[in-house]
Amino acid sequence: MSRRSIPATLAGLSLAALPLAVAAQSENEDADRLDPIVVTATLGPATVGETLSSVTVVDEEDLRRQQPANFSEVMAAQPGVSLTESGSFGKQTSVFMRGHASDASALLVDGIRIRSATTGSPAWNYLPPQLIRRVEIVRGSRSSLYGADAVGGVVQAFTLPSEPGHSAWLEVGGGNFDARQYGAGASVNENGTRAALGVNRYRTDGAPVIEGGDDKGYRNTSGVASASHTFGNGVKAGFTFLSAEGNVEYEGGEDDFLFQTAGVQVEVPVTEAWRTVLQFSDARDEIDGETFGTWGGPYEIDTVTRTSRLENWVTLGVHEFVIGAESQVDQVDGSTTYDESSRSNHAFFGQALLNFGRTDVNLSLRNDDNEAYGDQTTWGSAVGYRLDRHHRLRASAATSFKAPSFNDLYYPGFGNPDLEPEEAVSYELGMEGRYAHAFWDIAVFHSDVDDLSLPKQNAASSVPEARLRGIELTGGWEQAGWRVQAAATVGDYEDRQTGEPLVRRAENTVRVDLDKTVARWNFGATFRAESHRDDDVYDSSTFTTKRERIAGFGVWDLRVSRELMPGLRAALSVDNVADKEYATARYAPGTDYISAGRIVFLSARYDFHP
C-alpha cells in the first residue's frame with residue numbers, strides 16, 4: 001500500500017531558494033490537513049484517500065475553534081449523520097449514520113469499544129468533547145473489522161496528543177442557562193513518549209425539554225489519563241483511561257451516570273516485516289436513576305464489556321496483511337434481573353491491503369461466534385484507482401450485522417432469546433479530488449437491511465426489509481487565513497413493505513463551517529439544516545402508536561476569538577443565533593422535545609508553552 005511522506009528537514013538550500021521552500025512547506029501542511037492520516041478505517045495509518053472509505057476528520061484545531069459543549073455538536077449534520085435528542089444539554093442522543101439504527105454504529109475511545117449492553121447503543125451524550133483531541137467518522141459497513149454493530153459506520157475519539165512538544169492549559173467559561181465550565185490539563189509528545197492528563201467540569205441548570213416544562217439540568221465531571229512510550233528496541237507500550245460521571249435530568253426522571261473506558265496496549269516488532277499488537281480493555285456504562293410518577297421508582301443498570309484483542313501485521317513490499325483475534329465478554333447487573341446476565345463473543349479476522357501501482361485493493365473477513373446467537377461471518381472489499389495525482393475512483397461492497405441487545409433477548413417478560421441479528425449488504429461508489437488547498441468528495445451509497453431495528457415507546461419492533469440509499473457531497477478549501485468545510489446528504493431510507501420512510505431519520509442534511517483568521521482574531525460561522533422526519537408516538541390514553549411528522553429546521557452558529565496575549569485566548573460563541581425553537585424527536589402526541597434556543601458562552605483559555 002502506498003504511503004505519502006513529507007521530509008522533516010531540507011538541507012543544502014541556498015538563501016535564494018528558501019522562500020520557495022517555505023511556500024512548498026505551507027502547501028504540504030495544507031495538503032496534510034485536507035488529506036489527513038487516519039487509523040479507524042483500516043485499523044492502521046493511511047491517508048483518507050488511501051482508505052477507500054468515506055471519512056470525516058474533526059481535528060484539535062476544529063474542536064478548539066468550534067468549542068462544543070456536548071459531543072452531539074461535533075456529530076450534528078456531518079455527512080451521512082442525522083441526530084435525535086430528547087432536549088438540550090446532555091439529554092439522550094441517538095446517532096443515525098446513513099439511515100441505519102442508532103445502535104448500529106460503533107463508538108470507540110482510543111481504540112476501546114463502549115456501549116450499553118442492555119440497549120445496544122453508545123451513550124453519545126456523555127462523551128466530553130473538551131478532553132477530546134481528534135474525532136474520526138468512518139461511514140459505511142465495518143463489521144468485517146470491528147464485528148457487531150459497525151453497520152452504519154464507526155466513530156473514534158482520541159485523547160492522546162498528536163503534535164510534538166509539551167504544553168499545559170487552563171480554561172474557564174460561562175454562559176446563559178447558568179452554564180459553567182472549568183478545565184485543566186497537560187500533555188507531552190517527544191522522544192518517543194506521548195502522554196496526556198486532563199480534567200473538565202461542565203454544569204448547567206438547563207432548559208425545558210418540552211413546552212411548559214421545567215428546566216432540566218446537566219452535570220458532567222470528566223478526566224483523561226493516557227500515555228505511551230516507544231523503547232529503543234521498537235516495543236511500544238501504553239495505557240488510556242477516560243471517565244465521565246455526573247447527573248442528567250429529563251422529563252419524568254433523572255440519572256446519575258458513569259461513562260468509562262480503560263485499556264493497556266503493547267506493540268512488538270517481531271521482525272522488520274512483522275509486528276504484533278495486543279490490547280486489553282474495560283468499558284463501563286452505568287446508570288443509577290429514578291423515574292417519577294405513579295409507576296416510577298429507582299432503578300440501576302450496570303453494564304461492563306471486557307475485551308482482549310490481538311493483531312498481527314505483516315508487510316510484504318507494498319502490501320500489508322492483518323490477522324487477528326478478539327474475545328469479548330458483556331456483563332449486566334442492576335435492579336432488573338435479566339434471564340441471562342452475561343454473554344461472550346469470540347472472533348477471528350483478517351485484512352489485506354494491496355497496492356498494484358495506481359490500483360489499491362482492500363479485502364477483509366471476520367467470523368464472530370456469540371454464545372447468544374451463534375456464528376456470523378462478514379466480509380468487505382474495496383478497490384480504488386488513481387486517475388492522476390489528484391483524483392481517485394473507489395468502489396466497495398460489504399456485509400454487516402447488528403447484535404440483538406440484552407433488552408431484546410433477555411428483558412423479563414419482553415425479551416425473545418430466539419431473535420436473530422440484523423443483517424445488511426452495503427455498496428458504495430465514490431470519487432474524490434484532493435489538491436494543495438482544496439478537496440471534494442462524492443459518494444453514492446446503498447444498503448439492503450433485513451430486520452432493521454426501530455425505536456418505539458413501549459414496544460420492540462423491526463422492519464423486515466429496509467432500503468437505505470443516498471448521496472453524500474463534501475468539500476473544503478483552506479488558504480490565506482480562510483477555512484471552509486461543507487457537506488450535504490440526500491437520502492432515501494424506506495421500509496420496503498410499506499413504502500414509508502423510516503422514523504427519526506432526517507433524510508436530507510446540510511452543514512457549512514466557515515472561518516477566517518485576521519491577525520489575532522478568528523471569526524467563524526456554522527450553518528446546519530435538517531429536513532423533516534417522522535416519529536412513531538405512543539398514546540397512553542388510547543394504548544396505540546401513531547406516526548407524526550416533525551418539521552425540518554435550519555440554524556446559524558457564530559463564534560469569535562482573540563489572542564489577548566501569547567498563550568491567552570478569549571472566545572465567544574453564540575449557538576442558534578436566531579433563537580429558533582426546533583425539535584428532532586417527539587415526546588407525546590402533538591408535543592415535541594424542544595431545543596434550548598439561543599446559547600451564549602464566553603470562555604478564556606491559557607496555554608503554557610516552554
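Only this structure's heavy atoms are used, side chains among them; waters, hydrogens and symmetry mates stay out.
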- Message: Taking salt bridge (charged side-chain N to carboxylate O under 4.0 Å, His left out) as the definition, give me every residue that meets it alongside Glu251, ordered by chain and number, with sequence neighbours left out.
- Response: none
- Query: What are the two closest non-hydrogen atoms of Ala571 and Gln67, and how far apart are they?
  - Reply: CB-NE2, 3.1 Å
- Can you tell me if Arg139 uses its side chain to pair, donor with acceptor, with the backbone of Pro79 under 3.5 Å? yes
- Query: Considering only heavy atoms from C-beta outward, does the side chain of Gln279 approach that of Thr307 to under 4.5 Å?
  - Reply: no
- Item | Backbone N/O of Ala106 and side chain of Arg115: donor-acceptor pair under 3.5 Å | no
- Look at Asp535 together with Arg533 and state whether they make a salt bridge at an N to O cut-off of under 4.0 Å. no
- Query: Under 3.5 Å, is there a donor-acceptor pair between the side chain of Ser53 and the main chain of Val55?
  - Reply: no
- Item | Inter-residue atom distance Ser228.OG - Asn189.CG, 0.5 Å rounding | 8.0 Å
- Item | Minimum heavy-atom distance between Ile112 and Thr240, given as atom pair plus value | CD1-CG2, 3.7 Å
- Does any N or O in the side chain of Ser335 come within less than 3.5 Å of the main-chain N or O of Glu300, such that one atom is a donor and the other an acceptor? yes
- Looking only at atom types and distance, does a side-chain atom of Ser82 sit under 3.5 Å from a main-chain N or O of Ala506, one as donor and one as acceptor? yes
- Task: Considering non-hydrogen atoms only, spot the tightest contact between Ile132 and Leu242 and give its length.
- Result: CD1-CD1, 4.3 Å
- Verdict with supporting geometry, Leu83 and Val81, side chain to side chain contact (heavy atoms under 4.5 Å, CB included): CA-CA 7 Å; Leu83 302 183; Val81 176; 4.0 Å; yes
- Task: Taking ring pair (Phe, Tyr, Trp, His ring centres under 6.0 Å) as the test, write out the residues that go with Tyr338, two or more places apart.
- Result: Tyr411
- Item | Sub-4.5 Å side-chain heavy-atom contact between Arg134 and Val38 | yes
- Task: To the nearest 0.5 angstrom, please state how far the CG atom of Asp288 sits from the CD atom of Glu254.
- Result: 9.5 Å
Output a table of donor-acceptor pairs, distance under 3.5 Å, between side-chain atoms of residues 192-200 and any protein atom two or more places apart or on a different chain; print 'none' if there are none.
from   : atom 1 : to     : atom 2 : distance (Å)
Thr193 : OG1    : His229 : ND1    : 2.6
Arg194 : NH1    : Pro161 : O      : 2.8
Asn200 : OD1    : Gln181 : NE2    : 2.7

- Query: Hey, is the main chain of Gly80 close enough, under 3.5 Å, to the side chain of Thr489 for a donor-acceptor pair?
  - Reply: yes
- Query: Taking the side chain from Asp302 and the backbone from Glu286, do they hold a donor-acceptor pair closer than 3.5 Å?
  - Reply: no
- Mind listing the closest non-hydrogen atom pair of Glu136 and Thr40 along with its distance? OE1-OG1, 2.6 Å
Identify every side-chain donor-acceptor pair in residues 553-563 under 3.5 Å, counting partners at least two apart or on other chains, and give the distances.
from   : atom 1 : to     : atom 2 : distance (Å)
Asp557 : OD1    : Asn576 : N      : 2.8
Arg559 : NE     : Asp515 : OD1    : 3.2
Arg559 : NH1    : Thr526 : OG1    : 2.9
Arg559 : NH2    : Asp515 : OD2    : 3.0
Arg559 : NH2    : Ala525 : O      : 3.4
Arg559 : NH2    : Thr526 : OG1    : 3.3
Ser561 : OG     : Arg569 : NH1    : 3.0

- Task: Could you walk me through whether Val266 and Phe280 pass the side chain to side chain contact (heavy atoms under 4.5 Å, CB included) test, one step at a time?
- Result: CA-CA 9 Å; Val266 177; Phe280 300 97; over 6 Å; no
- Using the ring of each side chain (for Trp, its six-membered ring), is Tyr606 parallel, tilted or perpendicular to Phe608, with breaks at 30° and 60°? perpendicular
- Note on the structure: Closest non-hydrogen contact found for Thr93 with Ser72 is CG2-CB, 4.2 Å
- Task: May I ask you to decide if Thr118's main-chain N or O and Asn407's side chain share a donor-acceptor pair within less than 3.5 Å?
- Result: yes
- Message: Whether Glu85 and Lys91 form a salt bridge (side-chain N of Lys/Arg under 4.0 Å from carboxylate O of Asp/Glu) is what I want to check.
- Response: no
- Inspect the surroundings of CD in Gln328 and state if more than 12 heavy atoms from other residues, nucleotides or ligands are less than 6.0 Å away. yes
- Note, Val58 side chain near Leu63 side chain (heavy atom, < 4.5 Å): yes
- Message: Are the side chains of Thr261 and Asp110 in contact, using a 4.5 Å heavy-atom criterion?
- Response: no
- Message: Within the structure provided, determine whether Asp607 and Arg64 are in side-chain contact (heavy-atom separation under 4.5 Å).
- Response: yes
- Task: For Phe89, check ring pair (Phe, Tyr, Trp, His ring centres under 6.0 Å) against everything at least two apart and list the hits.
- Result: Phe177
- Task: Taking Ser143 for its side chain and Gly147 for its backbone only, find out whether a donor-acceptor pair lies under 3.5 Å.
- Result: yes
- Message: Any heavy-atom pair between the side chains of Trp124 and Val155 that's under 4.5 Å?
- Response: yes
- Message: Side chains of Tyr299 and Ile287, heavy atoms from C-beta outward: is any pair under 4.5 Å?
- Response: yes
- Query: For Phe406, what residues pass the ring pair (Phe, Tyr, Trp, His ring centres under 6.0 Å) criterion, not counting sequence neighbours?
  - Reply: Tyr410
- Task: If a pair satisfies ring-ring contact (aromatic ring centres under 6.0 Å, His included) and one of its residues is in residues 193-212, list it, with sequence neighbours excluded.
- Result: none
- Note on the structure: Note: Arg505 and Gly99 closest approach over all heavy atoms is NE-O, 2.8 Å
- For Arg343, salt bridge (charged side-chain N to carboxylate O under 4.0 Å, His left out) partners two or more places apart: Asp330
- Item | Under the side-chain hydrogen bond (donor to acceptor under 3.5 Å, both in side chains) test, residues paired with Glu171 that sit two or more places apart | none
- Single hit among Asp513, Thr517, Asp62 for side-chain hydrogen bond (donor to acceptor under 3.5 Å, both in side chains) with Arg483: Asp62
- Out of curiosity, Leu43 CG to Thr51 OG1, how far, rounded to the nearest 0.5 Å? 12.0 Å
- Got a donor-acceptor contact below 3.5 angstrom from the Arg504 side chain to the Ser102 backbone? no
- Item | Any residue meeting salt bridge (charged side-chain N to carboxylate O under 4.0 Å, His left out) with Lys402, in chain and number order, not counting sequence neighbours | Asp103
- Message: Please enumerate all residues that pass salt bridge (charged side-chain N to carboxylate O under 4.0 Å, His left out) together with Arg201, with sequence neighbours excluded.
- Response: none
- Going by the side-chain hydrogen bond (donor to acceptor under 3.5 Å, both in side chains) test, which pairs reach into residues 206-220, not counting sequence neighbours? Tyr218-Asn220
